[in-house]
Amino acid sequence: MKMKVFLSGDYTYPLFHPLTNVDQEIFEILGSNIEIALNTEHFETLEAWDYKKFDAVILYNDHWIDKSPTVHQQVQALIDYVVLGGGLVVIHNFEPGVDYEIAQMLGCSLKKTLTPYERRLIRYVPAEADHPILKDINSFEIEDELFDLYHDDLCEKTILLDAKLDNGVEIPMAWSVEFGLGRIVCTAPGHDIKAFTNPEYRKFLRNSVLWTAKRL
(Lines give C-alpha, C1' and ligand atoms only; values in the text may rest on other atoms or scores of the structure.)
Protein backbone atom coordinates (compact mmCIF):
# COMPACT_ATOMS: atom_id res chain seq x y z
CA MET A 1 0.00 0.00 0.00
CA LYS A 2 1.31 3.44 -0.91
CA MET A 3 2.18 5.81 1.88
CA LYS A 4 -0.04 8.91 1.77
CA VAL A 5 1.52 12.32 2.40
CA PHE A 6 -0.21 15.70 2.64
CA LEU A 7 1.90 18.55 1.22
CA SER A 8 0.78 22.06 2.13
CA GLY A 9 2.24 25.26 0.69
CA ASP A 10 1.51 28.53 -1.10
CA TYR A 11 1.10 28.80 -4.86
CA THR A 12 -0.84 31.99 -5.59
CA TYR A 13 -0.10 34.19 -2.55
CA PRO A 14 3.32 33.23 -1.17
CA LEU A 15 4.97 35.86 1.00
CA PHE A 16 8.51 34.51 0.67
CA HIS A 17 8.53 30.82 -0.23
CA PRO A 18 6.39 29.71 -3.19
CA LEU A 19 5.67 26.02 -3.50
CA THR A 20 5.78 26.26 -7.30
CA ASN A 21 8.70 24.16 -8.63
CA VAL A 22 9.64 23.18 -5.08
CA ASP A 23 6.71 20.78 -5.15
CA GLN A 24 8.22 18.92 -8.12
CA GLU A 25 11.48 18.47 -6.25
CA ILE A 26 9.61 17.10 -3.24
CA PHE A 27 7.72 14.69 -5.50
CA GLU A 28 11.03 13.39 -6.84
CA ILE A 29 12.58 13.19 -3.38
CA LEU A 30 9.75 11.08 -2.02
CA GLY A 31 9.42 8.89 -5.09
CA SER A 32 6.53 7.38 -7.02
CA ASN A 33 5.66 4.85 -4.31
CA ILE A 34 4.33 7.68 -2.14
CA GLU A 35 0.94 9.23 -2.86
CA ILE A 36 0.80 13.02 -2.32
CA ALA A 37 -2.20 15.30 -1.89
CA LEU A 38 -1.87 19.08 -2.14
CA ASN A 39 -3.46 22.04 -0.40
CA THR A 40 -2.86 25.73 -1.04
CA GLU A 41 -4.20 28.71 0.91
CA HIS A 42 -7.53 27.22 1.94
CA PHE A 43 -6.61 26.36 5.51
CA GLU A 44 -10.15 26.96 6.72
CA THR A 45 -11.12 23.64 5.11
CA LEU A 46 -8.80 21.58 7.28
CA GLU A 47 -10.33 19.67 10.15
CA ALA A 48 -9.00 16.87 12.33
CA TRP A 49 -10.61 14.14 10.25
CA ASP A 50 -9.04 15.50 7.04
CA TYR A 51 -5.59 14.65 8.33
CA LYS A 52 -6.36 11.12 9.50
CA LYS A 53 -6.09 9.58 6.03
CA PHE A 54 -2.44 10.67 5.75
CA ASP A 55 0.67 8.98 7.13
CA ALA A 56 2.52 12.30 7.26
CA VAL A 57 1.90 16.03 6.76
CA ILE A 58 4.52 18.34 5.23
CA LEU A 59 4.15 22.08 5.95
CA TYR A 60 5.93 24.55 3.66
CA ASN A 61 3.86 27.64 4.33
CA ASP A 62 4.36 31.33 5.07
CA HIS A 63 2.47 32.66 8.11
CA TRP A 64 -0.30 30.12 7.66
CA ILE A 65 -1.84 30.80 11.05
CA ASP A 66 -2.59 34.38 9.94
CA LYS A 67 -4.59 33.29 6.89
CA SER A 68 -7.55 31.49 8.35
CA PRO A 69 -10.54 32.88 10.25
CA THR A 70 -10.67 29.54 12.06
CA VAL A 71 -7.02 29.51 13.11
CA HIS A 72 -7.64 28.07 16.57
CA GLN A 73 -9.59 25.17 15.13
CA GLN A 74 -6.82 24.56 12.61
CA VAL A 75 -4.15 24.57 15.31
CA GLN A 76 -6.14 22.10 17.37
CA ALA A 77 -6.80 19.88 14.35
CA LEU A 78 -3.09 19.62 13.59
CA ILE A 79 -2.16 18.99 17.22
CA ASP A 80 -4.84 16.30 17.53
CA TYR A 81 -3.52 14.62 14.39
CA VAL A 82 0.02 14.42 15.78
CA VAL A 83 -1.02 13.44 19.30
CA LEU A 84 -3.02 10.52 17.91
CA GLY A 85 -0.06 9.19 15.96
CA GLY A 86 0.37 11.36 12.85
CA GLY A 87 3.65 12.48 11.34
CA LEU A 88 4.56 16.14 10.77
CA VAL A 89 7.50 17.66 8.87
CA VAL A 90 7.92 21.44 9.05
CA ILE A 91 10.26 22.75 6.34
CA HIS A 92 12.00 26.12 6.70
CA ASN A 93 8.98 28.14 7.85
CA PHE A 94 8.90 28.42 11.62
CA GLU A 95 6.12 31.00 11.77
CA PRO A 96 3.70 28.35 13.11
CA GLY A 97 5.79 28.57 16.26
CA VAL A 98 4.40 32.04 17.00
CA ASP A 99 1.25 30.26 18.12
CA TYR A 100 1.80 29.18 21.72
CA GLU A 101 0.28 25.72 21.34
CA ILE A 102 2.13 24.95 18.12
CA ALA A 103 5.38 26.26 19.64
CA GLN A 104 5.01 23.80 22.51
CA MET A 105 4.53 20.94 20.09
CA LEU A 106 7.42 21.91 17.81
CA GLY A 107 9.68 22.74 20.73
CA CYS A 108 10.66 26.11 19.27
CA SER A 109 9.53 29.49 18.01
CA LEU A 110 11.12 31.95 15.60
CA LYS A 111 12.93 34.95 17.09
CA LYS A 112 14.19 36.37 13.81
CA THR A 113 16.07 35.58 10.65
CA LEU A 114 19.74 36.37 11.27
CA THR A 115 20.23 37.49 7.68
CA PRO A 116 16.85 39.01 6.78
CA TYR A 117 16.06 38.66 3.06
CA GLU A 118 19.65 37.56 2.47
CA ARG A 119 21.23 34.17 2.07
CA ARG A 120 24.61 32.89 3.09
CA LEU A 121 26.46 29.68 2.46
CA ILE A 122 25.66 27.50 5.46
CA ARG A 123 27.43 24.28 6.35
CA TYR A 124 25.08 21.73 7.91
CA VAL A 125 26.68 19.04 10.04
CA PRO A 126 24.88 15.87 11.20
CA ALA A 127 24.62 15.72 14.98
CA GLU A 128 26.10 12.93 17.04
CA ALA A 129 22.67 11.46 17.72
CA ASP A 130 22.08 7.80 16.92
CA HIS A 131 18.97 8.40 14.84
CA PRO A 132 17.61 6.52 11.79
CA ILE A 133 17.15 9.78 9.87
CA LEU A 134 20.90 10.41 9.94
CA LYS A 135 21.91 7.08 8.40
CA ASP A 136 24.33 7.74 5.49
CA ILE A 137 23.86 11.53 5.81
CA ASN A 138 27.06 13.55 5.35
CA SER A 139 27.82 17.22 5.95
CA PHE A 140 26.61 19.52 3.19
CA GLU A 141 26.48 23.19 2.25
CA ILE A 142 23.46 25.18 1.08
CA GLU A 143 23.00 28.88 0.34
CA ASP A 144 20.10 29.62 2.66
CA GLU A 145 18.74 31.80 5.46
CA LEU A 146 20.01 31.43 9.01
CA PHE A 147 17.39 31.53 11.77
CA ASP A 148 17.59 32.63 15.39
CA LEU A 149 15.26 30.20 17.16
CA TYR A 150 14.00 30.02 20.71
CA HIS A 151 14.20 26.41 21.88
CA ASP A 152 11.93 25.21 24.66
CA ASP A 153 14.08 23.24 27.10
CA LEU A 154 10.97 21.54 28.47
CA CYS A 155 10.40 19.84 25.11
CA GLU A 156 12.53 16.73 24.72
CA LYS A 157 14.04 16.80 21.24
CA THR A 158 16.84 15.11 19.34
CA ILE A 159 19.09 17.47 17.39
CA LEU A 160 19.69 16.17 13.86
CA LEU A 161 21.54 18.94 12.01
CA ASP A 162 23.66 21.84 13.23
CA ALA A 163 24.64 24.90 11.23
CA LYS A 164 28.39 25.28 11.75
CA LEU A 165 29.45 28.93 11.65
CA ASP A 166 32.88 30.29 10.72
CA ASN A 167 33.74 30.84 14.40
CA GLY A 168 33.10 27.16 15.14
CA VAL A 169 29.75 27.72 16.89
CA GLU A 170 27.11 25.13 16.03
CA ILE A 171 23.43 26.13 16.00
CA PRO A 172 20.66 23.48 15.95
CA MET A 173 18.83 23.76 12.64
CA ALA A 174 16.95 20.45 12.45
CA TRP A 175 15.55 18.18 15.15
CA SER A 176 12.97 15.51 15.88
CA VAL A 177 10.27 15.41 18.54
CA GLU A 178 8.04 12.59 19.72
CA PHE A 179 4.78 14.25 20.75
CA GLY A 180 2.01 12.09 22.12
CA LEU A 181 1.80 9.10 19.79
CA GLY A 182 3.13 11.09 16.84
CA ARG A 183 6.46 12.17 15.44
CA ILE A 184 7.71 15.57 14.24
CA VAL A 185 10.76 16.79 12.32
CA CYS A 186 11.57 20.49 12.01
CA THR A 187 14.22 21.45 9.48
CA ALA A 188 15.52 24.93 8.63
CA PRO A 189 17.05 24.44 5.15
CA GLY A 190 14.64 25.13 2.30
CA HIS A 191 14.48 28.85 1.45
CA ASP A 192 14.21 28.13 -2.27
CA ILE A 193 14.52 25.37 -4.82
CA LYS A 194 18.33 25.26 -4.57
CA ALA A 195 18.12 23.61 -1.16
CA PHE A 196 15.91 20.83 -2.50
CA THR A 197 18.41 19.93 -5.23
CA ASN A 198 21.22 19.21 -2.74
CA PRO A 199 21.77 15.41 -2.70
CA GLU A 200 22.43 15.14 1.04
CA TYR A 201 19.46 17.29 1.96
CA ARG A 202 17.25 15.27 -0.35
CA LYS A 203 18.24 12.11 1.53
CA PHE A 204 17.69 13.85 4.86
CA LEU A 205 14.24 15.11 3.88
CA ARG A 206 13.11 11.73 2.56
CA ASN A 207 14.32 10.01 5.73
CA SER A 208 12.51 12.61 7.83
CA VAL A 209 9.17 11.99 6.10
CA LEU A 210 9.60 8.21 6.35
CA TRP A 211 10.51 8.43 10.04
CA THR A 212 7.56 10.62 10.96
CA ALA A 213 5.29 8.21 9.07
CA LYS A 214 6.84 5.32 11.05
CA ARG A 215 8.22 3.74 7.91
CA LEU A 216 11.86 4.08 8.98
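Sequence positions, counted from 1, serve as the residue numbers for this chain.
Side-chain contact between L161 and F140: present, with at least one pair of heavy atoms (C-beta onward) separated by less than 4.5 Å. No side-chain heavy atom of K194 sits under 4.5 Å from any side-chain heavy atom of D144. For the pair E200 and Y124, the minimum side-chain heavy-atom distance is 4.5 Å or more. Looking only at side-chain heavy atoms (C-beta outward), T187 and I91 come within less than 4.5 Å of each other. The shortest distance between side-chain heavy atoms of I171 and L149 does not fall below 4.5 Å. The shortest side-chain heavy-atom distance between L78 and L59 falls under the 4.5 Å cut-off. Two residues are said to be in side-chain contact when any heavy atoms from C-beta on lie closer than 4.5 Å; L210 and M3 meet this criterion.
In this structure, the separation between CD1 on I102 and CD1 on I79 is 4.5 Å, given to the nearest 0.5 Å. We find the CG-CG distance between L7 and L30 to be 8.5 Å, quoted to the nearest 0.5 Å. Atom CZ in F6 sits 6.0 Å away from atom CZ in F54 (nearest 0.5 Å). Remark: S208 OG to R183 CZ distance equals 11.5 Å, nearest 0.5 Å. The CZ atom of F27 sits 12.0 Å away from atom CD1 of I34, with the distance rounded to the nearest 0.5 Å. To the nearest 0.5 Å, atoms CG (N198) and CD (E141) are separated by 9.5 Å.
Residues V177 and C155 approach most closely at CG1-SG, 3.9 Å, considering heavy atoms. The nearest pair of heavy atoms linking A127 to I159 is CB-O, 3.1 Å. Considering every non-hydrogen atom in both I122 and E145, the closest pair reads CD1-O, 3.4 Å. Closest of all the heavy-atom pairs between S176 and L160 is N-CD1, 3.9 Å. P126 approaches I137 most closely through the heavy-atom pair CG-O, 3.5 Å. The two residues N207 and I133 come nearest to each other via the heavy atoms ND2-O, 3.0 Å.
Side-chain N or O atoms of N93 include one that pairs as donor or acceptor with a backbone N or O of N61 at under 3.5 Å. Under the 3.5 Å distance criterion, the side-chain polar atoms of R123 are left unmatched by any main-chain donor or acceptor of S139. Between the side chain of W175 and the backbone N or O of L106, at least one donor-acceptor pair lies under 3.5 Å. A donor-acceptor distance shorter than 3.5 angstrom exists from the side chain of Y201 to the backbone of P189, with no hydrogens or angles considered. Side chain of D55 to main chain of K4: a donor-acceptor pair is present (N/O by atom type, distance under 3.5 Å, no hydrogens or angles).
With hydrophobic clusters built from ILVMFWY side chains whose heavy atoms lie under 4.5 angstrom apart, I142 shares a cluster with I29. Placement of L84 and V57 in two distinct hydrophobic clusters is found when ILVMFWY residues are connected by side-chain heavy-atom separations under 4.5 Å, directly or transitively. Both Y81 and V83 are part of a single hydrophobic cluster, where members link through side-chain heavy atoms under 4.5 Å apart. When hydrophobic clusters are built by joining Ile, Leu, Val, Met, Phe, Trp and Tyr residues whose side-chain heavy atoms come closer than 4.5 Å, directly or via intermediates, V82 is not grouped with L181.
Taking the six-membered ring for Trp and the full ring otherwise, the centers of H191 and F16 sit at least 6.0 Å from each other. The aromatic ring centroids of Y60 and F196 lie less than 6.0 Å from each other.
The pair K203-D136 fails the salt-bridge criterion, with no side-chain N (NZ, NE, NH1 or NH2) lying under 4.0 Å from an Asp/Glu carboxylate O.
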Exercise. Hey, mind stepping through K135 and L216 against side chain to side chain contact (heavy atoms under 4.5 Å, CB included) and telling me if it holds?
Worked result: CA-CA 11 Å; K135 184 179 180 181; L216 183 66; over 6 Å; no
Problem set entry | Trace of the side chain to side chain contact (heavy atoms under 4.5 Å, CB included) decision for L19 with D10 | CA-CA 5 Å; L19 187 58; D10 300 300; 5.7 Å; no
Exercise. Are D192 and E143 close enough, and set up right, to give a side chain to side chain contact (heavy atoms under 4.5 Å, CB included), and what steps lead you there?
Worked result: CA-CA 9 Å; D192 58 22; E143 191 179 72; 5.9 Å; no
Exercise. What do the steps show when you test L134 against F204 for side chain to side chain contact (heavy atoms under 4.5 Å, CB included), and what is the final call?
Worked result: CA-CA 7 Å; L134 295 179; F204 176 84; 4.1 Å; yes
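For the residue pair Y11/D23, the side-chain donor-acceptor check at 3.5 Å is satisfied. No side-chain donor-acceptor contact under 3.5 Å links E25 and N21.
Heavy-atom contacts from other residues, nucleotides or ligands closer than 6.0 Å to CG of N33 number more than 12.
Between H17 and H92, the ring planes are perpendicular. Angles over 60° get that label, and only those under 30° would be called parallel.
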